[in-house]
Each structure stands twice: as C-alpha cells, then as structure tokens.
2 protein chains.
Amino acid sequence: MDESRFLEQYDIHRFDVPLTTIDVVCFSLVGETLHLLLARRAHMPFHGAWALPGGFIDLAVDGNLDDTVVRKVAAKTGIRMSYLEQVETIGNADRDPRGWSVTCLYLSLLDPQSREDQQVDQKHETRWVALDDLDALALAFDHDLLVEKAVARLRSKARYSSLPLHLLAETFTLQQAQRVFELVLGTRLEKKSFRRRLGEAAILEETGETLATRTRGAALYRLRPDHREHLFPRTIG
Amino acid sequence: MDESRFLEQYDIHRFDVPLTTIDVVCFSLVGETLHLLLARRAHMPFHGAWALPGGFIDLAVDGNLDDTVVRKVAAKTGIRMSYLEQVETIGNADRDPRGWSVTCLYLSLLDPQSREDQQVDQKHETRWVALDDLDALALAFDHDLLVEKAVARLRSKARYSSLPLHLLAETFTLQQAQRVFELVLGTRLEKKSFRRRLGEAAILEETGETLATRTRGAALYRLRPDHREHLFPRTIG
DNA sequence: TTGAATAGTGGCATAGCGCCACTATTGTGT
DNA sequence: ACACAATAGTGGCGCTATGCCACTATTCAA
C-alpha cells in the first residue's frame with residue numbers, strides 16, 4: 001500500500017482519542033481590580049456552571065489553535081483581545097467526566113476600553129469576575145487550576161517583562177502604568193525605579209497631551225505601534 | 001436528560017476531532033557536541049523518515065500527558081530521562097497529512113552516562129544526531145520547526161537558569177559545568193563570573209573527590225539531591 | 001628543583017534597581 | 001497677585017551581581 005492510499009483510508013473515528021480543547025483566561029481591569037471573563041455553560045457536562053471561555057476545535061473553520069481561541073472568545077463576547085499567549089497544556093484521564101481530555105490553556109489581556117465597548121451581558125451568559133471573588137464560585141472541570149496557572153504566569157512575567165501594559169487603555173500616564181504593575185504583582189513599586197526602567201526600554205511614545213486633573217497634569221503615553229513585549233534586564237520589586 | 005445519562009451516551013467517535021500527539025526533543029552531549037534523539041518512523045505517513053520520538057496518547061495506559069512522553073521515549077530506547085519540561089503546543093490543519101493535528105512538544109535532557117547505558121541501536125531504529133547535522137536530514141512532519149523551538153527554549157533558559165546542569169554526568173568539575181553552558185549558549189563565559197554565580201546559588205555539593213588528571217585535579221561536585229532548577233538573579237553572558 | 005598546566009581567587013569597574021529627598025508645574029482660595 | 005496644596009517628575013548615592021583581568025595555588029613530570 002502506498003502513502004496516498006493509506007491517507008485516503010485513514011479514519012480517525014476508528015481510534016480511541018482524547019477530547020482536545022482550548023481554554024482562555026482573559027484578564028481585564030475593572031476599576032482597580034483584576035477581573036477575568038467567565039461564561040455559563042450552555043451544555044452538559046457542568047450545564048449551568050461557570051467556566052472559562054473555550055471549547056472544541058472546529059476542524060472546518062479553524063486554521064490553527066490560535067484561531068480557535070479567537071473564535072471562541074469572539075462568539076461569547078464579540079471581544080477582540082489585545083494580547084494572546086499560550087500558557088500550558090494539561091492532559092489527563094480525570095479532568096473531564098466524558099473521558100481522557102487535553103486542553104491547551106491560553107492567557108489573554110484586554111484593555112478596559114475594548115472591554116466596555118463589548119457586549120458582555122445576560123444574553124451571552126458571560127460575566128467579569130474579580131480574582132478575589134473566584135473562591136465563591138465552583139468552576140466547571142479543573143478550571144480553578146487553570147486560572148491558578150494563568151495568574152501565576154501573569155504575575156511572573158510582570159516581574160521581568162512589559163506584558164501588563166496590555167491591560168491599559170490606548171493612552172495612559174506613567175502613574176497608571178505603575179499602578180497596573182502594582183495590582184498584578186500585589187506590591188508597591190518605587191516611582192523612580194519604575195520610570196527609569198520603562199524609559200530605558202524605549203517602548204512608549206508621548207502623545208503630547210497631558211491628563212486633565214485638578215493639579216499638574218501628567219503626560220500621556222501610548223505603546224509604540226509595533227510593540228508586543230519587552231524583556232527587562234532584571235526583575236523589579 | 002440528566003448528566004449521568006448524557007455521559008453514558010457520549011461517544012467521541014461521532015465527532016470530527018484532531019489527531020492529538022506528543023513529541024519530545026531529547027538532548028544529550030556526545031563528547032563536546034549537543035545531540036538529540038531521533039527515531040525512524042515504522043509506519044505511514046513518512047514511513048522510513050527520521051522523526052522526533054513521540055506519538056499518540058494511549059488512553060488505557062497513560063494517566064496524563066507526561067506519562068505518554070515517558071512511555072514513548074522508554075519504548076524507543078529504554079531511556080529514563082533526567083529532566084522533562086513542556087515547551088509549547090502546536091496545532092493546525094497542515095502539519096500532518098492525515099488532517100488537523102495537535103502536538104504537545106516536550107524538551108528533555110539526558111546525562112551522558114544514562115545515554116551510554118541505554119540501548120540506542122539498529123534494532124530500535126533510533127540514533128543520536130548532532131544539532132549541526134540536522135540540516136542534512138529531512139525530518140518528518142514539521143519536526144524541524146519543533147526542534148527549533150526546543151533549542152530556542154534550551155538556549156534561553158541557559159542564560160538565567162541552572163537547567164543545562166542536567167546534561168552532566170552525576171559528578172562533574174566546575175570547568176565541565178562551565179563548558180556545558182558554553183556549548184549550549186555558543187559563547188565563552190568568564191570563569192570567575194560563572195563560579196561565583198554557581199557558588200551563590202548553593203545548588204551543588206562537593207563529593208570530596210578530585211578528578212585525576214596529569215596536573216592539579218579539579219574538585220568534583222554533584223547536584224544537591226533535591227535540586228531541579230535554580231533561577232539566577234540576572235542573565236549571564 | 002623547576003617548569004608546564006590547570007585550578008581557583010582577589011579586586012576593581014560597570015549596569016541597573018532601591019531609596020529618599022528634592023525641584024517643577026498647575027489649579028484653587030484668598 | 002500670591003501662597004498653598006497636590007501631583008509630576010528628577011538627582012544622586014548605595015547596593016548587588018556580573019565583566020574583566022591578573023594573580024596565587026596545586027600537582028605532575030622532567
């Protein structure tokens with residue numbers, strides 16, 4: 001038998017295969033609190049329970065795994081995420097009552113502007129939950145564990161990369177930038193150290209505007225257009 | 001319908017699902033050259049081509065993804081890896097001619113002692129190939145890309161973590177340790193900087209022995225028993 | 001005893017974060 | 001106009017870990 005005939009006759013339905021899915025922990029700031037996106041499960045198992053957005057790959061529609069992630073989040077919320085990164089893949093016999101299951105876990109960051117523009121409401125059965133309020137909910141599957149892994153990744157990268165900047169609106173002050181890092185890390189940072197770091201990284205540009213306040217207005221910045229991630233030479237905090 | 005009935009009737013064979021596999025880039029030093037393990041494919045597609053060890057999850061045998069990796073490498077070589085780490089998961093419609101395919105890529109490190117003890121030979125259709133000789137081979141699937149990703153991860157972590165130490169035999173001199181980092185990074189390192197770093201990390205212990213050479217013998221060290229990975233405060237080189 | 005070869009150390013320069021006090025700018029109340 | 005409150009932004013030194021280079025220490029062999 002040659003290879004083309006083999007491929008013609010190949011039928012995956014004959015094999016015992018795992019369930020393969022993606023799940024996303026989508027972070028965004030609501031005021032000064034880190035929130036993440038949950039969706040109510042519309043089908044069994046765990047029907048009616050809160051869970052991370054995610055689900056099966058649509059072989060006919062998705063070109064790759066990232067496509068699946070984008071499609072799943074968009075279907076639930078209409079949201080276009082500003083940052084997307086793969087965290088880890090968890091696969092074992094126990095995590096899904098339907099059987100052996102593999103999920104590819106993603107982390108995404110969404111700026112508050114985009115979040116408010118989007119339709120997260122009753123109809124979509126989605127909601128933003130503060131990280132601290134998660135314990136009160138019993139998430140479906142092992143999604144508690146998945147959230148833990150994503151949070152750990154976010155916190156870890158906040159120490160040495162520019163990643164948390166994607167949680168900011170399009171323009172922002174340096175103080176707001178510092179605050180975002182502080183919220184993610186859970187510690188206060190030194191103003192001078194933070195500004196020096198960010199300045200030397202050369203990843204921001206001034207808009208020329210200043211934020212109107214009661215007192216001296218702070219200069220507004222935006223991420224340089226091409227910027228995705230900067231790695232600092234040392235950790236902070 | 002309640003959930004237990006739903007689960008009883010659930011049959012994954014009815015759905016269009018991707019192929020889900022694992023692949024491993026298993027590194028080891030042969031002399032002073034970084035090599036990786038390849039296995040000749042025994043089945044279609046790419047029958048007879050060289051490929052990374054890996055394959056399908058055995059739902060009846062494997063408890064989780066790591067089990068699959070260990071089983072696959074052991075089946076091909078009898079090798080028990082000293083270090084194992086997940087790199088990234090690649091999934092798309094094009095990488096496998098049988099259809100939509102997801103692979104979870106692992107990196108593993110093997111010390112030269114264990115490698116020599118194990119049966120990597122004609123019968124198993126496996127071989128160790130120098131990284132630089134890879135271009136001459138046309139690896140199956142997208143395994144060139146997978147190797148590239150694993151190498152990038154190894155090089156990157158050599159700059160700030162103790163990971164390359166797992167490429168050493170059970171006991172080793174500080175010079176040998178330095179040499180391993182140099183081989184992985186592809187640059188020379190300063191003797192003093194390297195030793196100071198390793199010393200302050202406190203991850204080694206002296207055996208008390210010295211290596212017998214023609215001249216002054218260097219002290220022998222081993223990894224502290226519980227050690228898996230140390231993160232240095234700054235990057236080297 | 002001396003030299004070759006490798007093992008291991010002393011000591012100062014440098015880069016980037018920690019820290020604290022200082023100056024600068026703007027709105028408000030008198 | 002002027003002083004004050006409040007926030008924005010900077011100067012400058014200390015600390016830590018790496019870069020660098022020269023120096024001392026140990027061992028074997030001639």
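Chain A is the first sequence line, chain B the second, and so forth, proteins listed ahead of strands; every chain is numbered from 1.
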- salt_bridge(A/E229, A/K157) N-O dist < 4.0 Å: yes
- Message: With a 4.0 Å cut-off on N to O distance, would you call B/R153 and B/E85 a salt bridge?
- Response: yes
- Note on the structure: Closest to the 5' end of DNA chain D, once B/F194 and B/G217 are matched to their nearest nucleotides, is B/F194
Could you check how far [atom1] of [X] sits from [atom2] of [N], rounded to whole Å?
| X | N | atom1 | atom2 | result |
| --- | --- | --- | --- | --- |
| A/R159 | C/dC17 | CZ | P | 14 Å |
| A/Q178 | C/dG18 | CD | P | 11 Å |
| B/L220 | C/dT6 | CG | P | 17 Å |
| B/F181 | D/dT18 | CZ | P | 12 Å |
| B/F232 | D/dT18 | CZ | P | 8 Å |
| B/E190 | C/dG10 | CD | P | 17 Å |
| B/Q176 | C/dT6 | CD | P | 14 Å |
| A/L211 | D/dG9 | CG | P | 10 Å |

- Message: If you assign B/Y221 and A/G237 each to the DNA chain C nucleotide with the nearest heavy atom, which residue ends up on the more 5' nucleotide?
- Response: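 Nearest nucleotide further toward 5': that of B/Y221.
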- Message: Pick the closest DNA chain C nucleotide for A/T215 and for B/K191 by heavy atoms, then say which residue is nearer the 5' end.
- Response: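 Its nearest nucleotide being more 5', the pick is B/K191.
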- Item | Main-chain N/O of B/L189 paired with B/Q178 side-chain donor or acceptor, under 3.5 Å |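 Side chain of B/Q178 to backbone of B/L189: a pair is present.
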- Any donor-acceptor pair under 3.5 Å linking the side chain of B/N64 with the backbone of B/D66?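 Yes; at least one donor-acceptor contact below 3.5 Å.
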Using only modelled atom types and a 3.5 angstrom limit, is any donor from either the side chain of [X] or the base of [N] paired with an acceptor on the other?
| X | N | answer |
| --- | --- | --- |
| B/K192 | C/dG10 | yes |
| B/R216 | D/dA25 | yes |
| A/R234 | C/dA15 | yes |

- Query: Is any side-chain nitrogen or oxygen of B/S193 closer than 4.0 Å to OP1 or OP2 of D/dG19?
  - Reply: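 For B/S193, the contact criterion (side-chain N or O under 4.0 Å from OP1 or OP2 of D/dG19) is met.
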- Distance below 4.0 Å between B/Q175 side-chain N/O and C/dT6 OP1 or OP2: no
- Task: For B/W128 and B/C26, run side-chain contact (heavy atoms from CB on, under 4.5 Å): C-alpha distance rounded to whole Å, both residues' side-chain angles, the deciding distance at 0.1 Å, then the answer.
- Result: CA-CA 9 Å; B/W128 290 93; B/C26 184; 3.9 Å; yes
- On the 0 to 90° scale, with breaks at 30° and 60°, tag the B/H143-B/F141 ring pair as parallel, tilted or perpendicular.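 Taking B/F141 first and then B/H143, their aromatic rings sit tilted (interplane angle of 30° to 60°).
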- Heavy-atom check, side chain of A/I57 versus side chain of A/T21, under 4.5 Å: no
- Task: Just call it for B/I236: base, sugar-phosphate, or nothing, with non-hydrogen atoms closer than 4.0 Å on any strand.
- Result: sugar-phosphate
- Message: Just to be sure I understand the rule, does A/T173 reach a base, reach only the sugar-phosphate, or reach nothing, if contact means heavy atoms closer than 4.0 Å?
- Response: nothing
- The residue among A/L146, A/L52, A/T89 that forms side-chain contact (heavy atoms from CB on, under 4.5 Å) with A/T103 is A/L146
- Query: Among residues 195-207 of chain B, which residues get a heavy atom nearer than 4.0 Å to DNA chain C?
  - Reply: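 Output list: B/R195, B/R196.
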